[in-house]
J.: 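One structure follows; several queries about it will come next.
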Amino acid sequence: EIKKLDTDADWLGFLSEYQSAFVARKANYWAKNSQAPQWEIISQTMSLLQAVQAFETEIDHISDANQLIRRYAAPTSWWQIDRAYRELRQSIGNAIGSYDRLRQRAGRSYHRFLEQLNNRFAELLSSHQKWNLNAFSPQTTTWNDLVKVRKGARTAVIFVDALRLELAHALVERLQRDLDPGDLNLSPRLVTLPAVTDVCMPALLPDGDKRKVNYADGWQVTIGASGNLAVKAERIAYLREKYAKIQVYNEISELLKTPTDQIPGSAELYVTFHTALDSIGEEAHELALTVFSEVLKDVEQAIRKFREAEIAEIHIVTDHGFLLLDDVSEADKVPVKDVPAFKKSSRYLVGQGLGHTDQLRFPIPGAEDLEGWFARGIGVLRTPGKYNYTHGGLSLQEVVIPCLTVSQKTSGGMIDVEMSAPDELRGKLLKVKVKALSAELLARPRQVELRLEKASGASAPIVAIQQVIEVGDEIEIKVLIP
């Protein structure tokens with residue numbers, strides 16, 4: 001009977017007719033223990049087709065680009081279709097056996113959703129002369145709006161490359177398993193253009209709205225007297241110049257390997273970087289659908305690591321989203337061979353005085369005289385390389401990005417310390433016993449500083465020793481007096 005099904009309507013009719021049987025089998029022992037995945041896959045397919053069908057009844061009634069952006073990003077809205085398709089493909093990828101007909105039907109339905117959504121978006125963008133939409137705050141003000149680095153408080157920022165909106169929602173669901181939902185705040189923002197790392201990562205930095213953009217054998221991005229912030233090392237140098245008390249973990253794996261009690265308590269800002277999502281997308285293309293969720297675990301673990309270190313606020317920010325396509329037809333490829341552009345990519349090109357185009361055109365924000373052409377809808381510009389995993393264009397999946405803030409009330413303030421030392425010094429060796437006290441059962445280790453100063457109140461101590469102590473423990477510190 002399945003072989004006779006042709007359209008989405010046919011499939012929905014069939015799935016609805018047998019829905020009660022599918023639900024019952026999905027709930028049986030074997031299905032719950034992953035021994036009969038077909039029932040979950042059928043259920044996921046039905047949910048996807050229903051969501052696309054509901055979307056199609058509404059999309060043509062939206063007449064403003066900002067309204068469309070808000071509708072896509074609303075808490076329980078169309079971004080869920082991106083997630084539903086990714087999770088269905090993941091389930092099929094993990095299952096034993098062939099689900100080709102279900103995968104093909106779901107793929108066609110999802111492709112139609114992407115086309116209709118982003119063709120409508122392109123149509124509504126055609127009346128805009130600049131990339132100045134106001135549906136959400138711009139990416140360029142992210143740091144100044146959200147990240148508050150101040151004395152006596154500790155803040156962390158995790159820069160994630162290519163964290164699409166639906167993946168951020170999946171991350172929030174993971175965290176909600178044991179965190180208070182009130183500690184999690186997910187808000188959408190709009191990227192700057194083009195939606196590529198070299199341009200958008202600098203936009204996330206302090207004073208990102210003041211950056212200057214140019215293109216000369218590569219992207220050149222500066223803020224004030226900074227180096228070229230298109231380069232990661234220069235972004236780190238810029239942050240070090242801004243903040244004296246900063247701890248940088250160059251890769252998220254470096255943070256995850258660090259024991260919690262070795263994360264320095266003296267820093268006020270902690271920064272780390274996660275690039276695996278974008279790397280896997282670039283390398284695995286459509287196969288990345290089956291592994292994105294697994295890769296996201298590193299970000300979750302980093303958040304939990306920072307929370308264990310009692311960091312009050314953790315901000316997860318991203319440069320851009322992405323568009324993931326199963327197939328790109330020849331009809332969707334726009335020839336740009338003769339366009340005198342500085343840079344050509346699958347979703348955009350950039351240059352000066354590029355001439356006439358039927359594609360979308362916007363000035364590059366932050367640049368004096370650069371303009372960009374952007375493929376309409378989910379079309380691509382005919383350039384070398386594969387087209388399945390793309391970003392830099394103007395689909396909602398690429399330009400609507402998440403900012404996630406994870407906060408907690410920390411117990412990392414001052415605690416009581418008991419100290420015993422001899423009443424007078426005899427010789428060069430001083431032995432001091434220190435015990436850290438706290439009423440909290442699981443208080444984190446503290447750093448204790450022992451200072452030996454002259455009674456006259458000299459500006460510099462004779463000796464200053466720092467040592468980490470577990471709360472409740474007693475340690476002996478031996479001081480050799482100069």
Side-chain angles (χ1 to χ4, degrees), residues 73 131-133 135-149 155-165 167-168 171 185-214 219-224 226-243 246-252 255 268-279 296 299 302-303 306 311 313-322 364-367 391-392 397-407:
W131 181 249
N132 56 358
L133 300 173
F136 299 118
S137 298
Q139 180 183 46
T140 52
T141 64
T142 299
W143 190 286
N144 290 9
D145 289 347
L146 300 179
V147 183
K148 308 302 178 186
V149 181
T155 300
V157 180
I158 304 175
F159 291 91
V160 182
D161 197 342
L163 182 64
R164 194 162 73 165
L165 181 63
L167 285 170
L171 176 60
N185 181 36
L186 178 62
S187 59
R189 286 189 173 241
L190 289 177
V191 299
T192 189
L193 298 182
V196 295
T197 297
D198 289 354
V199 175
C200 293
M201 277 296 183
L204 294 167
L205 297 175
D207 299 325
D209 56 339
K210 298 177 182 177
R211 75 203 200 297
K212 301 297 182 183
V213 180
N214 200 357
W219 288 105
Q220 309 290 320
V221 185
T222 58
I223 302 175
S226 76
N228 182 12
L229 300 174
V231 180
K232 180 181 177 182
E234 293 294 341
R235 296 195 289 272
I236 293 174
Y238 177 78
L239 289 171
R240 289 191 186 280
E241 180 70 22
K242 285 275 186 181
Y243 304 102
I246 183 174
Q247 176 66 36
V248 177
Y249 297 95
N250 203 45
E251 297 292 341
I252 207 167
L255 168 67
E268 294 173 350
L269 175 64
Y270 303 80
V271 172
T272 191
F273 304 86
H274 182 274
T275 59
L277 289 170
D278 193 54
S279 297
L296 205 59
V299 181
I303 293 169
F306 279 138
I311 293 172
E313 282 193 347
I314 307 157
H315 302 280
I316 299 87
V317 297
T318 191
D319 49 356
H320 55 76
F322 58 85
I364 299 299
H391 56 84
Q397 287 76 10
E398 294 164 280
V399 303
V400 180
I401 55 170
C403 290
L404 173 61
T405 298
V406 182
S407 57

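Just so you know, residue 1 is the first one in the sequence shown, and it goes up from there.
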J.: Could you tell me which residues satisfy side-chain hydrogen bond (donor to acceptor under 3.5 Å, both in side chains) with Glu398, sequence neighbours excluded, listed by chain and number?
T.: Arg347, Ser395
J.: Can you confirm whether Val149 sits close enough to Lys242 that some side-chain heavy atom of one is under 4.5 Å from a side-chain heavy atom of the other?
T.: no
J.: Can you name the closest pair of heavy atoms from Ile314 and Ile316 and give their distance?
T.: O-CD1, 3.9 Å
J.: Please list, one pair per line, the donor and acceptor atoms closer than 3.5 Å that link side chains of residues 232-239 to other protein atoms, with sequence neighbours excluded.
T.:
{"from": "Lys232", "atom 1": "NZ", "to": "Asn250", "atom 2": "O", "distance (Å)": "2.7"}
{"from": "Lys232", "atom 1": "NZ", "to": "Glu251", "atom 2": "OE2", "distance (Å)": "3.1"}
{"from": "Arg235", "atom 1": "NH1", "to": "Leu229", "atom 2": "O", "distance (Å)": "2.9"}
{"from": "Arg235", "atom 1": "NH1", "to": "Ala230", "atom 2": "O", "distance (Å)": "3.2"}
{"from": "Tyr238", "atom 1": "OH", "to": "Pro206", "atom 2": "O", "distance (Å)": "2.8"}

J.: Compare every heavy atom of Ile246 with every heavy atom of Val271, then report the nearest pair and how far apart it is.
T.: CG2-CD1, 4.1 Å
J.: Whether the side chain of Gln139 engages the backbone of Thr318 through a donor-acceptor N/O pair (distance < 3.5 Å, no angle test) should be reported.
T.: yes
J.: So which atom in Ala156 and which in Ile311 form the shortest heavy-atom distance, rounded to 0.1 Å?
T.: N-CG2, 3.8 Å
J.: Taking salt bridge (Lys or Arg N to Asp or Glu O under 4.0 Å) as the definition, give me every residue that meets it alongside Lys148, ordered by chain and number, with sequence neighbours left out.
T.: none
J.: Considering all heavy atoms of both residues, which atom of Pro402 and which atom of Leu186 are nearest to each other, and what is their separation?
T.: CB-CD1, 3.5 Å
J.: Can you name the closest pair of heavy atoms from Val213 and Pro365 and give their distance?
T.: CG2-O, 3.7 Å
J.: Quick one: does His315's side chain get under 4.5 Å of Thr142's, heavy atoms only?
T.: no
J.: First locate atom CG of Leu204, then atom CD1 of Ile401, and finally report the distance between them rounded to the nearest 0.5 Å.
T.: 6.0 Å
J.: The criterion is side-chain hydrogen bond (donor to acceptor under 3.5 Å, both in side chains); which residues satisfy it with Gln220, sequence neighbours excluded?
T.: Asn228
J.: Distance-only check: which donor-acceptor pairs under 3.5 Å involve side-chain atoms of residues 189-202, not counting sequence neighbours?
T.:
{"from": "Arg189", "atom 1": "NH1", "to": "Pro138", "atom 2": "O", "distance (Å)": "2.9"}
{"from": "Arg189", "atom 1": "NH1", "to": "Thr141", "atom 2": "OG1", "distance (Å)": "3.0"}
{"from": "Arg189", "atom 1": "NH1", "to": "Asp145", "atom 2": "OD2", "distance (Å)": "3.3"}
{"from": "Arg189", "atom 1": "NH2", "to": "Asp145", "atom 2": "OD2", "distance (Å)": "3.1"}
{"from": "Thr192", "atom 1": "OG1", "to": "Arg211", "atom 2": "NH2", "distance (Å)": "2.9"}
{"from": "Thr197", "atom 1": "OG1", "to": "Asp161", "atom 2": "OD1", "distance (Å)": "3.2"}
{"from": "Thr197", "atom 1": "OG1", "to": "Asp161", "atom 2": "OD2", "distance (Å)": "3.2"}
{"from": "Thr197", "atom 1": "OG1", "to": "Asp319", "atom 2": "OD2", "distance (Å)": "2.7"}
{"from": "Thr197", "atom 1": "OG1", "to": "His320", "atom 2": "NE2", "distance (Å)": "3.3"}

J.: Once rounded to the nearest 0.5 Å, what's the spacing between atom CG of Leu205 and atom OG of Ser226?
T.: 8.5 Å
J.: Should Val317 and Phe159 count as side-chain neighbours, where that means a heavy-atom distance under 4.5 Å?
T.: yes
J.: Given side chains that start at C-beta, do those of Leu255 and Phe306 come closer than 4.5 Å, heavy atoms only?
T.: yes
J.: Could you list the residues that satisfy salt bridge (Lys or Arg N to Asp or Glu O under 4.0 Å) with Lys212, not counting sequence neighbours?
T.: none
J.: With a 4.5 Å heavy-atom cut-off, do Leu171 and Ile303 have their side chains touching?
T.: yes
J.: Once rounded to the nearest 0.5 Å, what's the spacing between atom OG1 of Thr140 and atom NZ of Lys210?
T.: 11.5 Å
J.: Which pair of non-hydrogen atoms, one from Gly227 and one from Thr222, has the smallest distance, and what is that distance?
T.: O-CG2, 3.7 Å
J.: Is Leu167 close to Phe322 at the side-chain level, that is, under 4.5 Å between some pair of heavy atoms?
T.: yes
J.: What's the spacing between Arg164 CZ and Asp278 CG if we round to 0.5 Å?
T.: 12.5 Å
